[in-house]
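Take a look at the structure set out below.
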Amino acid sequence: MDIYEISDIGSLIRENSYVGRGIVIGKSQDGKNAVFAYFIMGRSENSRNRVFKEEGDALTIYPFDTSKVKDPSLIIYSPVRKIGEQVIVTNGDQTDTIYKYLEEGKSFEQALETRCFEPDAPNFTPRISGILNFSNGDFTYKLSILKSADAIGSACNRYTFSYEPLCGLGHFIHTYCCDGNPIPTFTGEPERVQIPDNIYDFTEKLWNNLNESNKISLYVRYTSLETGKYEKVLINKNK
(Lines give C-alpha, C1' and ligand atoms only; values in the text may rest on other atoms or scores of the structure.)
Protein backbone atom coordinates (compact mmCIF):
# COMPACT_ATOMS: atom_id res chain seq x y z
CA MET A 1 0.00 0.00 0.00
CA ASP A 2 1.31 3.47 -0.95
CA ILE A 3 1.18 5.58 2.23
CA TYR A 4 1.31 8.74 0.10
CA GLU A 5 -1.60 7.77 -2.14
CA ILE A 6 -4.25 10.48 -2.51
CA SER A 7 -7.76 9.06 -2.91
CA ASP A 8 -10.80 10.34 -4.72
CA ILE A 9 -13.19 11.37 -1.94
CA GLY A 10 -16.21 10.55 -4.10
CA SER A 11 -15.10 6.92 -4.29
CA LEU A 12 -14.41 6.72 -0.55
CA ILE A 13 -17.90 8.01 0.24
CA ARG A 14 -19.65 5.94 -2.40
CA GLU A 15 -17.99 2.72 -1.21
CA ASN A 16 -18.90 3.34 2.45
CA SER A 17 -22.42 2.16 3.25
CA TYR A 18 -22.76 4.69 6.09
CA VAL A 19 -20.21 7.49 6.50
CA GLY A 20 -22.18 9.35 9.19
CA ARG A 21 -20.78 12.85 9.72
CA GLY A 22 -17.61 13.99 7.97
CA ILE A 23 -15.00 16.76 8.03
CA VAL A 24 -12.54 17.45 5.21
CA ILE A 25 -9.76 20.06 5.49
CA GLY A 26 -7.00 20.82 2.98
CA LYS A 27 -5.58 23.17 0.36
CA SER A 28 -6.76 23.63 -3.23
CA GLN A 29 -4.54 22.29 -6.01
CA ASP A 30 -3.49 25.79 -7.09
CA GLY A 31 -2.48 26.67 -3.52
CA LYS A 32 -4.78 29.68 -3.40
CA ASN A 33 -7.47 28.48 -0.99
CA ALA A 34 -7.85 26.88 2.42
CA VAL A 35 -10.71 24.43 2.07
CA PHE A 36 -13.03 22.69 4.47
CA ALA A 37 -16.29 20.79 4.19
CA TYR A 38 -18.71 19.36 6.72
CA PHE A 39 -21.64 17.04 6.04
CA ILE A 40 -24.21 15.13 8.07
CA MET A 41 -26.17 11.95 7.40
CA GLY A 42 -28.86 10.20 9.43
CA ARG A 43 -30.66 6.87 9.67
CA SER A 44 -33.50 7.80 12.02
CA GLU A 45 -36.33 10.28 11.55
CA ASN A 46 -34.93 12.35 14.44
CA SER A 47 -31.49 12.50 12.80
CA ARG A 48 -32.83 13.38 9.36
CA ASN A 49 -35.00 16.19 10.70
CA ARG A 50 -32.23 18.81 10.38
CA VAL A 51 -31.07 21.74 8.26
CA PHE A 52 -27.96 23.92 8.13
CA LYS A 53 -28.39 27.68 8.56
CA GLU A 54 -25.66 30.31 8.20
CA GLU A 55 -25.37 32.94 10.93
CA GLY A 56 -22.60 35.35 9.95
CA ASP A 57 -19.32 33.39 9.80
CA ALA A 58 -20.93 30.56 11.78
CA LEU A 59 -23.05 27.59 10.75
CA THR A 60 -25.78 26.16 13.00
CA ILE A 61 -27.94 23.06 12.74
CA TYR A 62 -31.64 23.40 13.52
CA PRO A 63 -34.62 21.03 13.37
CA PHE A 64 -36.43 21.18 10.05
CA ASP A 65 -39.77 20.29 11.66
CA THR A 66 -39.76 21.31 15.35
CA SER A 67 -42.85 19.20 16.08
CA LYS A 68 -40.83 16.02 15.46
CA VAL A 69 -37.92 16.79 17.81
CA LYS A 70 -37.40 14.10 20.45
CA ASP A 71 -33.88 14.82 21.72
CA PRO A 72 -32.58 18.28 20.72
CA SER A 73 -29.28 17.87 22.62
CA LEU A 74 -27.58 15.95 19.80
CA ILE A 75 -29.31 17.82 16.96
CA ILE A 76 -28.95 21.54 17.66
CA TYR A 77 -25.34 22.75 17.64
CA SER A 78 -22.98 25.00 15.67
CA PRO A 79 -20.57 22.91 13.61
CA VAL A 80 -18.66 25.97 12.37
CA ARG A 81 -17.48 28.99 14.39
CA LYS A 82 -14.73 31.57 13.79
CA ILE A 83 -12.59 33.16 16.49
CA GLY A 84 -9.85 35.57 15.44
CA GLU A 85 -7.78 33.88 12.73
CA GLN A 86 -9.06 30.41 13.58
CA VAL A 87 -12.03 28.47 12.24
CA ILE A 88 -13.47 25.54 14.21
CA VAL A 89 -15.39 22.68 12.54
CA THR A 90 -16.96 19.85 14.57
CA ASN A 91 -19.82 17.38 14.67
CA GLY A 92 -21.24 18.50 18.03
CA ASP A 93 -21.44 21.10 20.77
CA GLN A 94 -17.70 20.66 21.41
CA THR A 95 -17.45 23.57 18.94
CA ASP A 96 -18.47 25.83 21.82
CA THR A 97 -16.01 24.17 24.21
CA ILE A 98 -13.14 24.75 21.79
CA TYR A 99 -14.25 28.34 21.20
CA LYS A 100 -14.34 29.02 24.97
CA TYR A 101 -10.88 27.56 25.53
CA LEU A 102 -9.34 29.47 22.62
CA GLU A 103 -10.96 32.64 23.97
CA GLU A 104 -9.16 31.97 27.28
CA GLY A 105 -5.81 31.50 25.53
CA LYS A 106 -5.85 27.72 25.84
CA SER A 107 -5.45 25.13 23.10
CA PHE A 108 -7.59 22.98 20.83
CA GLU A 109 -6.22 19.88 22.57
CA GLN A 110 -6.87 21.22 26.08
CA ALA A 111 -10.50 21.86 25.16
CA LEU A 112 -11.01 18.34 23.86
CA GLU A 113 -9.44 16.77 26.94
CA THR A 114 -12.65 17.86 28.71
CA ARG A 115 -14.95 16.16 26.19
CA CYS A 116 -15.86 12.59 25.33
CA PHE A 117 -17.69 10.56 22.67
CA GLU A 118 -21.45 11.01 22.40
CA PRO A 119 -23.66 9.24 24.99
CA ASP A 120 -25.69 7.36 22.38
CA ALA A 121 -25.09 3.73 23.42
CA PRO A 122 -24.54 1.27 21.86
CA ASN A 123 -23.01 3.34 19.02
CA PHE A 124 -20.98 5.78 21.16
CA THR A 125 -20.62 8.05 18.16
CA PRO A 126 -17.15 9.65 18.03
CA ARG A 127 -16.79 13.39 18.35
CA ILE A 128 -14.76 14.62 15.38
CA SER A 129 -13.28 18.12 15.31
CA GLY A 130 -11.06 20.25 13.11
CA ILE A 131 -9.42 23.66 13.29
CA LEU A 132 -7.83 25.90 10.67
CA ASN A 133 -5.19 28.35 11.94
CA PHE A 134 -4.57 31.22 9.50
CA SER A 135 -1.31 33.20 9.63
CA ASN A 136 1.02 35.09 7.25
CA GLY A 137 -0.92 34.27 4.08
CA ASP A 138 -1.12 30.54 4.79
CA PHE A 139 -2.61 28.15 7.34
CA THR A 140 -2.11 24.95 9.28
CA TYR A 141 -4.81 22.58 10.48
CA LYS A 142 -5.62 19.85 12.95
CA LEU A 143 -8.17 17.05 13.11
CA SER A 144 -9.30 15.18 16.21
CA ILE A 145 -11.42 12.17 17.09
CA LEU A 146 -12.70 11.21 20.55
CA LYS A 147 -13.90 7.62 20.59
CA SER A 148 -14.89 4.87 22.98
CA ALA A 149 -12.09 2.62 24.17
CA ASP A 150 -14.37 -0.44 24.19
CA ALA A 151 -17.85 -1.70 23.28
CA ILE A 152 -19.45 -0.49 26.51
CA GLY A 153 -18.08 3.05 26.72
CA SER A 154 -15.75 2.44 29.68
CA ALA A 155 -13.19 5.09 28.67
CA CYS A 156 -12.46 7.68 25.99
CA ASN A 157 -9.47 7.59 23.65
CA ARG A 158 -8.40 10.93 22.15
CA TYR A 159 -6.38 11.33 18.94
CA THR A 160 -5.16 14.58 17.35
CA PHE A 161 -3.52 14.92 13.92
CA SER A 162 -1.61 18.08 12.98
CA TYR A 163 -0.90 19.11 9.38
CA GLU A 164 1.04 21.59 7.28
CA PRO A 165 -0.96 22.00 4.06
CA LEU A 166 0.13 20.66 0.67
CA CYS A 167 -1.43 21.81 -2.60
CA GLY A 168 -4.24 19.53 -3.74
CA LEU A 169 -4.21 17.44 -0.56
CA GLY A 170 -6.92 17.21 2.08
CA HIS A 171 -7.57 14.99 5.07
CA PHE A 172 -10.95 13.37 5.63
CA ILE A 173 -12.24 12.09 8.97
CA HIS A 174 -15.73 10.71 9.56
CA THR A 175 -17.67 9.10 12.36
CA TYR A 176 -18.32 5.62 10.95
CA CYS A 177 -16.44 3.16 8.75
CA CYS A 178 -19.63 1.45 7.51
CA ASP A 179 -23.21 0.66 8.52
CA GLY A 180 -24.02 -1.82 11.27
CA ASN A 181 -25.72 -2.31 14.62
CA PRO A 182 -23.97 -0.94 16.56
CA ILE A 183 -22.31 1.21 13.90
CA PRO A 184 -18.53 0.61 13.66
CA THR A 185 -16.55 3.79 14.32
CA PHE A 186 -13.81 5.33 12.17
CA THR A 187 -10.34 3.86 12.72
CA GLY A 188 -6.81 4.88 11.76
CA GLU A 189 -5.49 8.17 10.41
CA PRO A 190 -7.65 10.64 8.48
CA GLU A 191 -7.81 9.65 4.82
CA ARG A 192 -5.74 11.54 2.22
CA VAL A 193 -8.02 12.98 -0.46
CA GLN A 194 -7.82 15.22 -3.53
CA ILE A 195 -8.89 18.86 -3.19
CA PRO A 196 -9.75 20.52 -6.53
CA ASP A 197 -9.53 24.23 -7.32
CA ASN A 198 -13.24 24.67 -8.02
CA ILE A 199 -15.65 24.77 -5.07
CA TYR A 200 -18.56 23.59 -7.19
CA ASP A 201 -16.67 20.56 -8.49
CA PHE A 202 -15.78 19.60 -4.92
CA THR A 203 -19.31 20.17 -3.64
CA GLU A 204 -20.79 18.09 -6.45
CA LYS A 205 -18.36 15.24 -5.81
CA LEU A 206 -19.30 15.17 -2.12
CA TRP A 207 -23.06 15.59 -2.41
CA ASN A 208 -23.59 13.27 -5.38
CA ASN A 209 -21.72 10.38 -3.75
CA LEU A 210 -23.39 10.50 -0.33
CA ASN A 211 -26.14 7.90 0.08
CA GLU A 212 -29.36 9.41 -1.27
CA SER A 213 -31.56 8.04 1.53
CA ASN A 214 -29.30 9.11 4.40
CA LYS A 215 -27.67 12.40 3.35
CA ILE A 216 -29.04 15.53 5.02
CA SER A 217 -26.85 18.63 4.63
CA LEU A 218 -23.47 19.75 3.28
CA TYR A 219 -21.41 22.93 3.76
CA VAL A 220 -18.24 23.73 1.79
CA ARG A 221 -16.02 26.81 2.21
CA TYR A 222 -13.02 27.99 0.15
CA THR A 223 -11.06 30.81 1.83
CA SER A 224 -8.63 32.88 -0.25
CA LEU A 225 -5.20 32.87 1.39
CA GLU A 226 -4.44 36.19 -0.29
CA THR A 227 -7.53 38.17 0.73
CA GLY A 228 -9.12 36.18 3.57
CA LYS A 229 -12.47 36.32 1.82
CA TYR A 230 -14.37 33.09 1.32
CA GLU A 231 -16.76 31.45 -1.10
CA LYS A 232 -19.21 28.89 0.26
CA VAL A 233 -21.89 26.44 -0.83
CA LEU A 234 -24.68 25.16 1.46
CA ILE A 235 -27.03 22.32 0.51
CA ASN A 236 -29.99 21.08 2.56
CA LYS A 237 -31.97 18.06 1.45
CA ASN A 238 -34.88 19.31 3.56
CA LYS A 239 -36.30 22.44 1.95
Side-chain angles (χ1 to χ4, degrees), residues 6 9 21-40 51-62 77-112 128-144 160-174 190-207 217-236:
I6 302 179
I9 195 167
R21 287 167 258 172
I23 298 171
V24 190
I25 305 178
K27 182 183 272 190
S28 59
Q29 182 64 52
D30 59 14
K32 294 181 179 179
N33 291 285
V35 176
F36 75 82
Y38 177 63
F39 64 79
I40 58 173
V51 290
F52 285 175
K53 291 184 181 180
E54 284 188 290
E55 297 176 331
D57 289 326
L59 184 74
T60 302
I61 298 177
Y62 289 103
Y77 63 90
S78 295
V80 177
R81 292 189 69 183
K82 185 177 186 294
I83 176 170
E85 298 302 309
Q86 298 170 295
V87 178
I88 308 158
V89 190
T90 89
N91 74 327
D93 65 6
Q94 72 267 28
T95 308
D96 297 334
T97 304
I98 297 167
Y99 187 98
K100 177 177 178 290
Y101 270 65
L102 294 177
E103 200 172 35
E104 295 172 351
K106 299 175 183 177
S107 69
F108 178 73
E109 290 86 350
Q110 284 175 306
L112 291 170
I128 55 173
S129 307
I131 189 167
L132 296 86
N133 300 290
F134 292 88
S135 178
N136 300 318
D138 208 347
F139 76 110
T140 57
Y141 60 100
K142 296 179 181 181
L143 287 167
S144 162
T160 302
F161 306 89
S162 181
Y163 301 101
E164 295 181 9
L166 296 177
C167 295
L169 174 65
H171 289 89
F172 176 36
I173 195 165
H174 41 96
E191 296 159 330
R192 294 163 57 91
V193 296
Q194 299 164 359
I195 304 289
D197 293 336
N198 188 289
I199 188 173
Y200 299 103
D201 291 344
F202 193 45
T203 301
E204 183 178 8
K205 186 176 288 286
L206 290 165
W207 188 249
S217 298
L218 167 66
Y219 183 78
V220 182
R221 184 185 291 183
Y222 274 50
T223 301
S224 168
L225 294 171
E226 180 180 2
T227 68
K229 295 180 179 179
Y230 63 80
E231 186 178 13
K232 43 71 178 176
V233 179
L234 187 159
I235 301 176
N236 286 314

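Quick caveat, the model's predicted, so the values are computed rather than measured.
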Fill in: Any Q194 side-chain heavy atom under 4.5 Å of K205 side chain
no
Worksheet item: What is the minimum heavy-atom distance between K232 and I199, and which atoms define it?
Response: CA-CD1, 3.7 Å
Item to complete: With rounding to the nearest 0.5 Å, note down the distance linking OG1 in T97 to NZ in K106.
Response: 11.5 Å
Worksheet item: Around atom CD of E164, are there more than 12 heavy atoms of other residues, nucleotides or ligands at under 6.0 Å?
Response: no
Worksheet item: So do Q86 and I98 actually touch side chain to side chain, heavy atoms under 4.5 Å?
Response: no
Fill in: Atom pair CD (Q29) and CG (L169), whose distance is rounded to the nearest 0.5 Å
9.5 Å
Discussion item. How close do Y62 and K53 get, counting heavy atoms only, and between which atoms?
Written reply: CD1-CD, 3.6 Å
Worksheet entry | Distance under 6.0 Å and angle within 45° of ring axis: K142 vs F108 | no
Discussion item. Is it the case that the side chains of S129 and Q94 hold a donor-acceptor pair, with the cut-off being a distance below 3.5 Å and no angle test?
Written reply: yes
Worksheet, complete the sentence: When every non-hydrogen atom of S78 is compared with those of T60, the smallest separation belongs to OG-OG1, 3.0 Å
Item to complete: Check the angle between the aromatic planes of Y77 and Y38 and answer parallel, tilted or perpendicular using the 30° and 60° thresholds.
Response: perpendicular
Practice prompt. Would you check if the side chain of N198 reaches a backbone N or O of Y200 as a donor-acceptor pair within less than 3.5 Å?
Written response: yes
Fill in: Side chain to side chain, Y222 and I195, heavy atoms closer than 4.5 Å
yes
Fill in: For the student: nearest non-hydrogen atoms of N236 and S217, plus distance
OD1-OG, 2.6 Å
Practice prompt. Would you indicate whether the side-chain heavy atoms of T223 and V87 approach each other to under 4.5 Å?
Written response: no
Worksheet item: Checking D30 side chain against D197 main chain: does a donor-acceptor pair fall under 3.5 Å?
Response: no
Practice prompt. With the side chain counted from C-beta on, respond yes when Y163 and I25 share a heavy-atom pair under 4.5 Å apart, and no when they do not.
Written response: no
Practice prompt. Please report the C-alpha distance between V233 and W207 in whole Å, then the side-chain angles of each, then the deciding distance to 0.1 Å, and finally whether the side-chain contact (heavy atoms from CB on, under 4.5 Å) criterion is met.
Written response: CA-CA 11 Å; V233 179; W207 188 249; over 6 Å; no
Item to complete: Calculate, to the nearest 0.5 Å, the distance between atoms CD and CG belonging to E204 and L218 respectively.
Response: 11.5 Å
Discussion item. More than 12 heavy atoms of other residues, nucleotides or ligands under 6.0 Å from NZ of K82: yes or no?
Written reply: yes
Worksheet item: Who are the ring pair (Phe, Tyr, Trp, His ring centres under 6.0 Å) partners of Y230, not counting sequence neighbours?
Response: none
Item to complete: Compare all side-chain heavy atoms of N33 with those of E231 and state whether any distance is below 4.5 angstrom.
Response: no
Item to complete: Step through the shown structure and confirm whether more than 12 heavy atoms of other residues, nucleotides or ligands are within 6.0 Å of CD on E55.
Response: yes
Worksheet item: Please walk me through it: do Y141 and F139 pass ring pair (Phe, Tyr, Trp, His ring centres under 6.0 Å)?
Response: CA-CA 7 Å; Y141 60 100; F139 76 110; 5.8 Å; yes
Practice prompt. Please indicate whether N136 has more than 12 foreign heavy atoms, meaning atoms of other residues, nucleotides or ligands, lying under 6.0 Å from its CG.
Written response: no
Response to the item:
Between I23 and T90 the two heavy atoms that sit nearest each other are CD1-CA, 4.0 Å
Worksheet item: Where is the tightest heavy-atom contact between S28 and P196, given as atom of each residue plus distance?
Response: CB-O, 3.8 Å
Worksheet entry | Reported CG-to-CZ distance for the pair L102 and R81, which is rounded to 0.5 angstrom | 10.5 Å
Practice prompt. For the residue pair F161 and H171, establish whether any side-chain heavy-atom pair is separated by less than 4.5 Å.
Written response: no
Fill in: L143: which of V89, I128, T160, I173 passes side-chain contact (heavy atoms from CB on, under 4.5 Å)
I173
Worksheet item: Taking the side chain as C-beta and beyond, is there a heavy-atom pair between I40 and N91 under 4.5 Å?
Response: no
Discussion item. So, taking the atom named CD1 in I88 and the one named OG1 in T95, what distance separates them when rounded to the nearest 0.5 Å?
Written reply: 6.5 Å
Response to the item:
Between the CD1 atom in I6 and the CG atom in L166, the distance rounded to the nearest 0.5 Å is 8.0 Å
